[in-house]
Amino acid sequence: MSFPKNFLWGGATAANQCEGAWNVAGKGDSISDHNRAGSRTAGTRRTFDLVIDEEKYYYPSHTGIDHYHRYQEDIALFAEMGFKVYRLSIAWSRIFPNGDEETPNESGLQFYDDLFDELHKYGIEPLVTISHFELPFQLGKRYDGFLDQRTIAFYERYATTLFERYQDKVKYWLTFNEINFGTLEHGKQINGLFNREYTETEQYQALHNVFLASARAVVAGHKINPEFKIGCMLAYITMYPKTCRPEDVLRTQQLNDRLNYFCGDVQVKGTYPYYMKRYFEKNDIQLEITEEDQALLKEGTVDYYTFSYYMSTCIAANLEDREDTTGGNLFGGVANEYLKASDWGWQVDPVGLRYTLNQIYSRYEVPLMVVENGLGAFDQVEEDGTIKDDYRIDYFRQHIVEMDKAIDDGVDLIGYTPWGCIDLISAGTGEMSKRYGFIYVDRDDEGHGTLNRSRKKSFYWYQKVIETNGENL
Ligand code: BGP
């Protein structure tokens, strides 16, 4: 086994999918509180069907799994599994309820202070996503989110507030979750674009402002504490050519550049890559990128690279330019006949993880972390209360084997935080029944249930994995 001694084993969640307590202690509403997620399609379910509705609140983030009130119990369970690290996000609207206030909300800050203390009690290192799909709703409403440059300053104030407050409690930070979703037609809402129709120019301008916000945070964070490790986070959907026809291979390269590489290139290398400049020219996308912006991007490059990995997809030459993503895999593409899919159509590809780790590392040569990976599945509670999720154990075992091989290949992989280590609300479907956890939460899609926690079979399995540093799979 090649896992280094200090390898960061753990798990990951996001505030809006688990905390609940959506309007408690001064919290404002966020875009996730207005997100009508998850329309169903035959047999499978759609994901990231983000529709923001101004008037109504759809998303079950209101109660989540009530982690806000039960975090002590949950952290005790993480500790029992032996977590070295716990990836969580801070709800921006707990700290700045509308996003544009001058002073932060003290009770919001206090909540995370207590949570970090609880983690440190067990020697668990927090890994904090500063913004995970939950822009304060008013920033979208009043400013069109990141399309307005003022939002960059609001984000910087928010990030700086966190850095100052938690400088002795948090070392690992991520500026934005799955930042490359902002390149997708159906992903622009995460940057606060939901008031009207937006042009592609506006969409990329908003994303540019997100890059600037991230860079400003990196610069500010390093000033506050030079020990901080501040990273980027991308949704990486590995792409293979459908056939070895050169046209398919070329098309794969083009889409892979734009959807997988682009944001990482900006955040790790600090410059816009040539292929995007050409894409903008060809599509009449005119962005305002000043010399100052360019200098800032260079200065604010990240310390490490993290990504979510759930699936790979296949690309054929005749696919449209902006993908139709309503099929199984999130970035579109066609099915891979050699792989099986989850119940939600995501094609499971453990070997692809080794390939991906090598691909990313050869490009950047900075430390990598897999901060999301996992199998969304329907779990069955037996009469005696046990949950025998062998399918989940199989999934993780295969992925961990491939991570091990990637480390052996020479990749500097420093940690692994499986997604939804405790069952939570799915971002894509807005439901509970797409479960990822080692810990079961008694709650159904309609919001019924005791919210009691219980250990699945995979809980004990992962505990052994961590205890033996990946030896006992
Ligand atoms: C990622 C998001 C997470 C998480 C995960 C699983 O894209 O960063 O928030 O939800 O996907 O997706 P889903 O919940 O749709 O199964």
Side-chain angles (χ1 to χ4, degrees), residues 11-19 30-33 35-41 44-51 58-61 64-65 67 87-92 127-135 174-184 186-187 189-191 231-238 259-260 263 306-313 325-332 341-348 369-379 392 395-396 399 417-437 441 443 445:
T13 64
N16 72 86
Q17 293 172 254
C18 71
E19 284 179 0
S30 74
I31 56 167
S32 61
D33 293 312
N35 176 11
R36 190 174 64 210
S39 50
R40 293 178 194 211
T41 51
T44 61
R45 298 175 190 200
R46 265 187 174 182
T47 49
F48 285 96
D49 180 23
L50 292 175
V51 181
Y58 289 93
Y59 201 62
S61 64
I65 54 161
H67 179 67
R87 175 179 176 232
L88 66 143
S89 75
I90 290 182
W92 187 342
L127 161 59
V128 172
T129 317
I130 297 171
S131 177
H132 190 130
F133 297 164
E134 67 345 33
L135 188 87
L174 301 173
T175 54
F176 287 93
N177 184 62
E178 295 189 331
I179 191 167
N180 53 331
F181 260 100
T183 65
L184 300 173
H186 66 300
Q189 292 90 336
I190 63 167
N191 294 331
C232 61
M233 197 296 193
L234 280 88
Y236 206 101
I237 299 187
T238 302
L259 299 179
N260 283 319
C263 295
T306 79
F307 63 104
S308 60
Y309 180 81
Y310 293 96
M311 68 197 99
S312 60
T313 188
T325 52
T326 53
N329 289 331
L330 289 182
F331 289 178
S342 77
D343 286 336
W344 281 263
W346 294 7
Q347 287 202 288
V348 178
M369 218 191 278
V370 178
V371 294
E372 285 187 32
N373 173 238
L375 180 70
F378 297 104
D379 287 333
R392 187 168 289 112
Y395 176 102
F396 283 127
H399 284 81
T417 56
W419 174 251
C421 47
I422 180 166
D423 290 347
L424 38 63
I425 308 284
S426 154
T429 69
E431 293 175 328
M432 246 343 260
S433 52
K434 189 181 188 189
R435 295 173 184 273
Y436 287 88
V441 177
R443 184 190 198 272
D445 289 341

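We use all heavy atoms of the structure for the numbers below, so side chains are in, but hydrogens, waters and symmetry mates are not. Order of listing sets the numbers, starting from 1, for every ligand and every atom in it.
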Does an N or O anywhere in A427 fall below 3.5 Å from an N or O of ligand 1? yes

Please state whether the rings of Y310 and W346 are parallel, tilted or perpendicular, taking 30° and 60° as the class boundaries. perpendicular

Checking heavy atoms under 4.0 Å, the part of W344 that sits near ligand 1 is neither

Check for a donor-acceptor pair, side chain of T306 on one end and backbone N or O of C232 on the other, with a separation under 3.5 Å. yes

Who are the salt bridge (charged side-chain N to carboxylate O under 4.0 Å, His left out) partners of E372, not counting sequence neighbours? R87

Are any of the N or O atoms of W346 closer than 3.5 Å to those of ligand 1? no

Under 4.0 Å from any heavy atom of G428, which atoms of ligand 1 are there? 13 (P), 14 (O), 15 (O)

Donor-acceptor pair, side chain of N373 and main chain of P418, under 3.5 angstrom: no

Which ligand 1 atoms does S426 reach within 4.0 Å, using its non-hydrogen atoms? 13 (P), 14 (O), 15 (O), 16 (O)

Show which atoms of ligand 1 fall inside a sub-4.0 Å distance from at least one heavy-atom site of K434. 13 (P), 15 (O), 16 (O)

Checking the N or O distance criterion of under 3.5 Å, is ligand 1 in contact with N177? yes

Quick check: does any side chain N or O of N16 sit under 3.5 Å from a backbone N or O of A91, one acting as donor and the other as acceptor? no

Quick one: does any side-chain atom of N177 pair with a main-chain N or O of F133 as donor and acceptor, under 3.5 Å? no

Under 4.0 Å to a heavy atom of Y436 - the qualifying atoms of ligand 1, by number: 6 (C), 12 (O), 13 (P), 16 (O)

